Amino acid sequence: MSDKLRWWEDPEQVALLWKRFQAVNLDRREFVRFVGAVGGTTGAALAMAACQRGPEATPTPAAAVTPPPVPTPTPPRAVGPTPTAAPTPTAAEGELAPEQVFRTNMERDPQSFDFNRDLYCEGDSSCFAMLGMFTPDLEVVPDIAERWEPNEDASVWTFYLRKDTYWSNGDPVTAHDYEWSWKRQLDPATAAPYAGFLYDIKNAEAFNTQKPGVTRDDVGVKALDDYTLQVTLEGPRGYFPILAAYIAAAPAHRPSVEKYGDKWTEAENIVCNGPFKLVRWEHDKIVVLEKNEKYWNAKNITLQRVERPIIPSEAVLQAYENNEIDWMWRGPLGQLDRVRSDPKLSKEYQQFNLYGTWYLVPDPNFEPYNLKEVRRAMAHAIDRETIVKQVLKGLATVAYTFNPPGMPYYIELDDKIRELTEYNPDKARQWLKGTPYEGGKNWPKGLTLTHREEGDAPKAAAAAIIQMLKEVLGMELEHIVGEPRETYERMWKHEIPLMWVRWYIDYPDPANTLFQVWYSKAPTGHRHSWANDEFDRLVLQANGEQDPQKRYQLYYQAQLIQLEDAAAIYVYNPWNYGLMKPWVTNLPRNRNGDFTPEWNIFIRHYDYYKILKH
Amino acid sequence: MAQYIARRLLMVIPTLIAISLITFIIMHATPGSPLQPRAPQANPLPPAAQEALARKYGLDKPLWQQYLTYLRHIFTLDFGYSYQYQTREVRDIMASTLPISLHLGIMAMALAILVGIPLGVIAAINQNGPVDYLCSFIATLGVAVPNFILALFLIVLLVLLIPVIPRTGGWDSPIDWVLPTIALALGPIGIIARYTRASMVEVLRQDFIRTAYAKGLSDRQVILRHVLKNGLIPPITILGPMFAAIGTGSPFVEKIFRVPGMGRFFVDSLIARDYPMIMAVILIYGAFLAIMNIIVDILYGIVDPRIRLA
């Protein structure tokens with residue numbers, strides 16, 4: 001690659017970036033989505049390949065993925081002197097409340113607020129600002145640094161910091177702060193669990209792993225003066241600004257750390273440089289943040305205070321109803337009926353498509369699923385409508401095919417698909433005729449249905465499926481809820497006869513669903529054991545097809561083949577919900593206009609909210 | 001008497017050492033490591049990072065050495081830093097949470113005694129009558145309903161439906177004490193009432209009660225002076241351990257009502273394999289229990305002269 005700055009087109013750099021994010025345990029799905037946001041489809045495809053290959057593999061682009069032409073992405077080089085301040089001052093309808101207080105719960109007491117040492121410390125990340133920050137569309141815009149520039153091959157980056165931003169105690173935020181903080185994270189004495197995130201910096205890994213002869217001073221981050229930070233990397237890294245904007249690159253306030261040690265993030269000791277500062281932390285009771293007036297963009301942030309009572313998920317709805325919090329970010333499924341039928345709560349309801357599909361995989365290597373007839377019978381024995389309406393209370397949509405609705409190339413239910421997937425007990429039993437299991441008898445002993453521990457909804461749906469298979473086909477399945485990591489490992493080894501599993505979409509293209517999950521010849525491993533040459537040929541061809549119409553046809557054919565073989569039984573597309581009080585306005589939205597709640601890349605939602613008089 | 005108490009108190013020390021040793025062994029034998037992150041979305045830490053953490057916590061040393069170091073430290077009341085609450089020492093956490101749990105526990109215990117004993121007495125006097133059944137019903141409810149269900153029920157009833165309590169939780173003013181006290185007390189009310197009733201019924205059948213009635217004493221006098229005094233010995237036996245359990249906090253009640261007490265650590269520290277915290281809560285509970293048992297033994301002597309302490 002000639003232009004190292006267009007890192008999203010460079011498989012080597014994408015693979016490296018993935019390695020860094022793995023060090024902080026970023027979800028593969030989030031990673032792909034987020035590289036896709038910057039690099040378009042090329043970036044997403046390479047990101048996907050990088051994740052698949054694992055960190056050690058040779059970085060060659062996945063031959064199979066031939067992405068469509070690249071949409072022009074926003075190159076990070078073109079960061080101008082006038083940064084787009086994230087909160088665009090939109091005219092809020094109605095009069096603002098005199099007291100701008102936003103209240104939302106934490107589910108448990110944070111371990112600390114020391115993001116510089118451990119990004120999973122569970123504190124409130126708005127206390128610290130990085131050199132850049134993410135928008136709801138996951139693009140990096142300037143934050144503490146007003147601009148940055150790379151050298152010729154993007155192996156040295158220079159960040160120019162603002163001169164008008166201060167720590168909450170009045171100290172200027174300088175390049176020395178970042179130099180010291182990043183070295184602190186890398187220092188083996190700090191024992192920072194996710195220091196691997198910064199290994200792109202020259203000698204960072206050597207210093208962190210105590211390689212002889214490498215000292216703190218050899219680490220490639222240096223403050224040239226108070227406001228210029230030069231970062232020398234191990235090689236060309238066009239993506240470095242993304243790392244510098246991620247919460248794992250948060251600074252710590254040196255004098256506080258040196259004075260108080262591990263206690264420096266207690267409310268009485270902490271000094272913050274983010275848009276908010278911690279002012280009160282009554283352990284196991286409440287965390288209170290106030291706007292940091294010394295933060296450069298404070299004038300564009302409306303909220304003055306954020307209150308975060310520690311309320312466990314079991315009691316959070318009651319607290320919301322009693323008007324103790326404004327935003328309940330995770331709603332219990334058990335209360336959904338009531339929330340939706342309540343005249344008041346139903347208006348405050350926010351739901352999010354999780355863009356995924358739950359499906360059942362009968363592995364053809366195991367009895368009795370080696371018989372296609374059995375698999376087809378199962379496909380007709382599951383009443384998806386009932387699962388979605390009764391069990392999941394409508395917080396899902398019925399799935400017959402793999403792509404979730406709202407995604408390009410979503411396959412509408414037509415006669416052919418209905419024929420292959422409809423709930424029809426008679427038809428199901430018909431399929432068993434002529435097999436050893438005719439009449440629902442002679443099933444092997446000890447049949448199981450396995451899924452990993454992942455909350456109540458999938459568990460309830462699995463129980464319903466077991467019940468249906470028993471009623472219609474006489475199958476006796478034991479319900480096994482496995483430890484998450486262990487269960488996925490066994491799935492990849494094809495050791496689970498009947499798996500109940502989900503796929504969340506990484507980026508909106510069927511290359512991510514039908515191809516990535518089911519293409520059986522991928523050198524990197526195969527999620528499920530089912531293989532079909534014709535299916536493989538079709539999805540491979542579809543990946544390279546430019547004409548959307550033809551491409552759709554190819555995916556459609558592939559999907560039909562799979563359903564005819566009942567290799568997977570798609571059941572539903574999951575959603576999630578939260579509740580937001582009506583007086584909170586100016587919610588952060590992505591370019592599709594969807595509300596984007598805080599999650600682990602986009603974290604700056606407080607910058608947006610405005611509270612109406614109520 | 002003073003000698004007896006001193007001897008019993010001295011016995012607590014070897015007991016605690018034994019408790020600490022057993023806890024230490026079980027804790028380290030349990031699968032799962034404190035070197036793994038607590039956040040649910042986080043994956044396992046790479047080995048190098050785990051080693052660094054192990055060094056920081058001193059977990060890289062042989063077990064016997066770790067235990068002896070630990071033992072040496074707790075004699076100076078140094079429980080070390082918590083693994084999961086990284087900004088605080090276990091000692092500080094306990095110093096701020098134990099008094100709150102004790103406070104709540106004393107209120108709940110007082111409520112349980114004030115309601116439970118009369119309930120048991122009334123039930124015993126009206127044996128097999130409607131009042132007895134009502135008391136039995138309340139008592140059964142108190143024992144059978146888990147206190148976190150009761151906690152949510154109380155919130156829905158007294159905060160949302162009949163808004164007499166302004167908040168669903170907190171620990172800022174006496175109004176916040178009401179719900180957690182009730183939620184914590186209902187179970188003990190049931191237990192105390194059942195014990196009291198059973199032993200009262202037993203005593204009521206004794207010859208000396210018949211004698212008392214024959215002497216022409218009023219109901220009131222018989223019940224208060226003769227039945228109650230003798231019938232209270234079994235309830236007193238359970239009050240000690242019960243108070244040790246309640247006074248160190250309930251994980252569920254404290255969590256749901258946002259009471260910053262130490263109850264939550266009984267569950268949380270085990271899940272997180274927060275070794276220093278596990279040791280601390282178990283030792284505190286153990287010491288509490290031992291002391292309560294001594295107090296109960298002394299109380300026996302006061303209630304029943306036959307059990308005078310040697």
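Keep in mind that what you see is a predicted model, and the values were worked out from it rather than measured.
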Original post:
So how far is it from Glu314(A) CD to Leu152(B) CG, rounded to the nearest 0.5 Å?
Top reply: 7.5 Å

**OP:** Select one option (side chain, backbone, both, neither) describing which atoms of Asp114(A) are under 4.5 Å from chain B's heavy atoms.
**Re:** neither

**OP:** Could you check Asp172(B) against Lys285(A) for side-chain contact (heavy atoms from CB on, under 4.5 Å), going step by step and ending with a plain yes or no?
**Re:** CA-CA 10 Å; Asp172(B) 296 319; Lys285(A) 229 162 85 186; 3.0 Å; yes

**OP:** Assess whether side-chain contact (heavy atoms from CB on, under 4.5 Å) is satisfied between Thr87(B) and Trp281(A), documenting all intermediate values.
**Re:** CA-CA 12 Å; Thr87(B) 61; Trp281(A) 180 10; 4.0 Å; yes

Original post:
Can you find a heavy atom in the side chain of Arg258(B) that is under 4.5 Å from one in the side chain of Pro309(A)?
Top reply: yes

Subject >> Interatomic spacing from OG1 in Thr190(A) to CG in Leu53(B) - rounded to 0.5 Å >> reply: 11.0 Å

**OP:** Using non-hydrogen atoms and a 4.5 Å limit, figure out which bit of Glu321(A) sits close to chain B: side chain, backbone, both or neither.
**Re:** both

Subject >> Heavy-atom contact with chain A under 4.5 Å, split by part of Pro166(B) >> reply: backbone

Subject >> Atom of Ile256(B), atom of Ala315(A) and distance for their closest heavy-atom approach >> reply: CG2-CB, 3.9 Å

**OP:** Select one option (side chain, backbone, both, neither) describing which atoms of Phe257(B) are under 4.5 Å from chain A's heavy atoms.
**Re:** neither

**OP:** To the nearest 0.5 angstrom, please state how far the CD atom of Gln86(B) sits from the OG1 atom of Thr265(A).
**Re:** 8.5 Å

Subject >> Short side-chain donor-acceptor distance under 3.5 Å, Gln111(A) and Gln84(B) >> reply: no

**OP:** Tell me yes or no: between the side chains of Gln318(A) and Thr168(B), is some donor less than 3.5 Å from an acceptor?
**Re:** no

Original post:
Who wins among Lys56(B), Glu254(B), Lys255(B), Arg88(B) for the most heavy-atom pairs under 4.5 Å with chain A?
Top reply: Arg88(B)

Original post:
Quick one: does Arg264(B)'s side chain get under 4.5 Å of Asp284(A)'s, heavy atoms only?
Top reply: yes

Subject >> salt bridge (Lys or Arg N to Asp or Glu O under 4.0 Å) between Asp92(B) and Lys263(A), worked out >> reply: CA-CA 11 Å; Asp92(B) 298 342; Lys263(A) 295 182 181 176; 3.3 Å; yes

**OP:** Could you grab the distance from atom CZ of Arg167(B) to atom CG of Asn322(A), nearest 0.5 Å is fine?
**Re:** 9.5 Å

